[in-house]
Amino acid sequence: MSDRVAEEGPEGAEAGGAEANPLLRSLKERFGERILAIEAFRGDATAVLAPAALLEVATFLRDEARPAFDMLLDVTAVDFLGRRPRFEIVYHLVSTGDASRVRLKLPVEEETPSVPSLVPVWPGANWLERETFDMYGIRFDGHPDLRRIYLYDEFIGHPLRKDYPKQKRQPLIGPGSQGEAGGQGGGR
Amino acid sequence: MAMEEREVLLRPDGRPGGADLRDSFFTSRYQDAVAWARKFAFFQYPFVTACCGMEYMSVTGPRYDTDRFGLTLPRFTPRQSDLLLVVGTITHRQAPILRRVWEQMADPKWVMSFGNCTNTGGPYDNYAVVQGIDTIIPVDIYVPGCPPRPEAVIDGLLKLQERIQRERVNRPVENIHGSVSTTRFASREEVALVPGPVEPHRD
Ligand code: SF4
């Protein structure tokens, strides 16, 4: 075990660093400064990029990269409350050809939580982006139908943001709901 | 009367025989007979939303076989049901649907809260989940467990049946819309509080 750690370096990064990963290297060569960082950790390749570069990078990964990343597995976000930029949008891509994976991360500021929608590139992004909008309030520019997907239209706020009060309840009916007697503010 | 005809009379327990007419009927009170019929012929409406549904399938399937206790015939319309089984996590988004289903059921009707999620919100104390369905609709019996074991469900069912047997026909009551309905049986204790004679329920 200690041998392996020594090989991988103190952070567990791959031997030779992210530069040794051909995919990340080709991204870096092609997009230069717009790739803010690359890292490879135990076989997982990650590229951090500026939101403005997202559509181009996604199209490149789908059409030109080998293996081609033909499937968008997940879109989610992380709220680093108190850090700048506050949000990070995370895309998980997979190639159905050889099951290799890559992650894209986009740092997003709190004041302008919006990124380009990936629906034109992978239609499957539609509901994934709606979920990320529902839970984190990230706006996806160019999304054909950016509505809440899990919660109801009456819901105020975005519950997976770290500053959403843990005890806050917004029932539609029953105790605590609008226009019904016996409200206790927070359910039972 | 010919001797042969007497021979085919049945005893109350279903065995043939009994030449004496006193063996061929038994007396009961009207209310007891109605309650007895109701408690052994549930028309259930399974409102199944989450993992407890697996246990619901198990307990109503052939192995545990709730048919034995009169929990038969799932009706997938509330208008033909008298026992609402709420099985699984109820979210705030689901709550108005659940209440509407309950409102659509004709009286008399009962509600079983099946599993911890429906009892209290279970493991989910968060923005999404109703903290007990009794904040939305009245509940007659709570079955604990995450999910409940089949034995627990059957125990709850039997306890509900005991309760239904104790229920008494209530006098017709005027509901908030001004129409008269015999909304539901009152329990024996409740009847004791109602002054005046208790009128029989007419089906
Ligand atoms: S009580 Fe447990 S098993 Fe049942 S729905 Fe809730 S979490 Fe699932």
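Since the model is a prediction, treat every value here as computed from it, not as a measurement. Sequence lines set the chain letters: A, B, ... in the order given, protein chains first and strands last, and positions in each chain run from 1. Hydrogens, waters and symmetry mates are skipped; everything else that's a heavy atom, side chains included, is used.
Within a 6.0 Å radius of CZ in Arg62(A), other residues, nucleotides and ligands contribute more than 12 heavy atoms. Within 6.0 Å of the CD atom in Glu33(A), the count of heavy atoms belonging to other residues, nucleotides or ligands does not exceed 12. For Lys159(B), the NZ atom is loosely surrounded, since the number of other residues' heavy atoms within 6.0 Å does not exceed 12. Heavy atoms from other residues, nucleotides or ligands lying under 6.0 Å from CZ of Arg83(A) number more than 12. Crowding of Arg68(B) atom CZ: a count of heavy atoms from other residues, nucleotides or ligands under 6.0 Å exceeding 12. Counting heavy atoms of neighbouring residues, nucleotides and ligands inside a 6.0 Å radius, atom OH of Tyr150(A) does not exceed 12 of them.
Ion pairing between Asp125(B) and Arg169(A) holds under the 4.0 Å rule for side-chain N and carboxylate O.
A heavy-atom distance below 4.5 Å is not found between the side chains of Thr91(B) and Tyr152(A).
Remark: Met135(A) CE to Tyr127(B) OH distance equals 4.0 Å, nearest 0.5 Å. Taking CD of Glu154(A) as the reference point, atom NE2 of His92(B) lies at 12.5 Å (rounded to 0.5 Å). Here Ile173(A) contributes atom CD1 and Leu98(B) contributes atom CG; the two are 7.5 Å apart, rounded to the nearest 0.5 Å. Atoms CG and CZ, from Leu151(A) and Arg93(B) in turn, are 7.5 Å apart once rounded to the nearest 0.5 Å.
The shortest non-hydrogen separation linking Arg99(B) to Gly174(A) is NH2-N, 4.1 Å.
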